[in-house]
2 protein chains.
Amino acid sequence: MTNKHLTIGTLSRMTATKVETIRFYEKSGLLAKPARTEGNYRSYAPADLNRLSFIRRARDLGFSLDQIRVLLDLADDRSRSCEAVDEIAKEHLAEVERKIADLKALQRELDRLLSQCRCGTVAECRIIETLSPLPLEVN
Amino acid sequence: MTNKHLTIGTLSRMTATKVETIRFYEKSGLLAKPARTEGNYRSYAPADLNRLSFIRRARDLGFSLDQIRVLLDLADDRSRSCEAVDEIAKEHLAEVERKIADLKALQRELDRLLSQCRCGTVAECRIIETLSPLPLEVN
DNA sequence: AAGGTCCCTATAGTGACTACAGGGTTAGAT
DNA sequence: ATCTAACCCTGTAGTCACTATAGGGACCTT
């Protein structure tokens with residue numbers, strides 16, 4: 001209980017991360033290879049818990065593993081300017097906003113599609129009809 | 001020019017679909033295996049163009065290939081009720097709306113994160129700080 | 001000593017493509 | 001007739017962020 005070393009299962013429960021995912025983060029270089037016990041079990045220090053928690057929060061906010069890799073590097077050099085951090089977050093926000101706009105356009109299209117359905121036979125189905133093409137002559 | 005048979009490249013240009021993607025759709029069973037020329041080139045009929053156009057429009061609307069497979073099956077049986085079509089579209093719309101809600105929550109979080117940035121050093125960066133954990137004691 | 005729960009490695013699967021590598025075919029210009 | 005560029009072919013592996021499985025070893029309690 002005063003043991004500072006954690007098994008992968010404990011880490012898993014503490015961060016709501018599947019064991020396989022933790023091993024995957026290790027293989028992808030996001031987590032350092034931890035010490036091993038005699039029986040070849042991974043043995044994590046509290047710093048690993050912090051790092052994994054950081055990764056999971058950033059993932060929850062939709063940052064990619066590549067972005068997280070950069071954020072972790074930046075976080076390690078505490079004296080540098082945090083402009084680069086800001087940059088990554090801004091870029092990610094812009095991407096999220098683009099996705100929202102795209103999905104809203106989609107939503108309008110689907111709404112329109114569904115509002116036209118009279119629920120008769122497929123032959124007179126406006127959804128199928130809208131999807132079915134009068135293809136353009138390109139070549 | 002009165003030739004009804006199309007090469008994969010022509011089909012590609014007419015539907016703005018990469019050649020590899022067309023072959024991928026064939027391998028996934030969305031497009032039937034077309035006839036071949038003497039030189040073993042794929043030779044497509046106008047019906048294939050229609051089918052591919054349908055697939056691409058549905059993809060643009062965010063339907064999955066599995067959903068499209070079902071839609072294509074339904075579209076082929078023109079006498080049946082189009083309820084099932086409606087069902088798929090509604091389900092898809094609901095999913096799009098869920099995604100929009102998720103992304104909006106994300107956007108708010110990122111906005112909050114960014115609004116706190118004073119752009120000093122990483123040590124005082126509120127973005128890094130927010131991501132960095134005071135992990136909960138779970139086990 | 002047995003059973004259950006943990007842990008290990010390695011590999012393959014997901015979705016929807018995309019990108020090669022390493023060739024064969026065809027159309028048009030010379 | 002020959003050359004060349006543009007097209008086409010198959011097959012495989014890569015993308016992202018995991019997830020799942022197989023086939024085993026370790027550990028703890030009873």
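Chain naming here is simple, since letters A, B, ... match the order of the sequence lines and numbering starts at 1 in each.
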Spacing between A/Glu26 atom CD and D/dA17 atom C1', to the nearest angstrom: 16 Å

Given the options B/Leu49, B/Thr21, B/Thr10, B/Thr15 meets side-chain contact (heavy atoms from CB on, under 4.5 Å) only with B/Leu49

Between P on C/dC8 and NZ on A/Lys33, what's the gap in Å once rounded to a whole number? 13 Å

Is B/Asp66 paired with B/Arg69 through a side-chain N to carboxylate O contact shorter than 4.0 Å? yes

Check: B/Thr130 main-chain N/O paired with A/Arg57 side-chain donor or acceptor under 3.5 Å: yes

Distance below 4.0 Å between B/Thr37 side-chain N/O and C/dT25 OP1 or OP2: no

Assign each of B/Leu65 and A/Ile8 the nucleotide of DNA chain C bearing its closest heavy atom; nearer the 5' end lies the nucleotide of A/Ile8

Whole angstrom value for the distance that separates P of D/dC18 from CD1 of A/Ile55: 10 Å

Within this structure, what is the CG-to-P distance between B/Leu11 and D/dC9, rounded to whole angstrom? 11 Å

Would you state whether a donor and an acceptor, one from the side chain of B/Tyr41 and one from the base of D/dC7, lie under 3.5 Å apart? yes

Hey, is the side chain of B/Thr7 poking within less than 4.0 Å of OP1 or OP2 on D/dC8, counting only N and O atoms? yes

Does D/dA17 have OP1 or OP2 under 4.0 Å away from a side-chain N or O of A/Lys18? no

Separation of atom CZ in A/Arg69 from atom P in D/dA17, rounded to whole Å: 8 Å

When we call it a touch if two heavy atoms are under 4.0 Å apart, what does A/Ser64 touch: a base, just sugar-phosphate, or nothing? sugar-phosphate

Between A/Arg112 and A/Glu109, does at least one N-O distance fall below 4.0 Å, as a salt bridge requires? yes

If you compare every side-chain N and O of B/Arg23 against the phosphate oxygens of D/dG11 (OP1, OP2), does one of them come in below 4.0 Å? no

Separation of C/dA19 atom P from B/Phe24 atom CZ, nearest Å, is 14 Å

Measure from the side chain of A/Arg59, starting at C-beta and using heavy atoms only, and say which of D/dA17, C/dC8, C/dA16 lies closest. D/dA17

With B/Ser12, the side-chain contact (heavy atoms from CB on, under 4.5 Å) member among B/Leu52, B/Ile22, B/Thr7: B/Ile22

Whole-Å distance between C/dC17 C1' and B/Leu30 CG? 12 Å

Does the side chain of A/Tyr25 get closer than 4.0 angstrom to OP1 or OP2 of D/dA17 through an N or O atom? no

Within the structure, does a side-chain N or O atom of B/Arg42 lie under 4.0 Å from either OP1 or OP2 of D/dC9? yes

First encountered from the 5' end of DNA chain C, between A/Glu20 and B/Glu20: A/Glu20

Spacing of B/Lys27 atom NZ relative to C/dA16 atom C1', expressed in whole Å: 11 Å

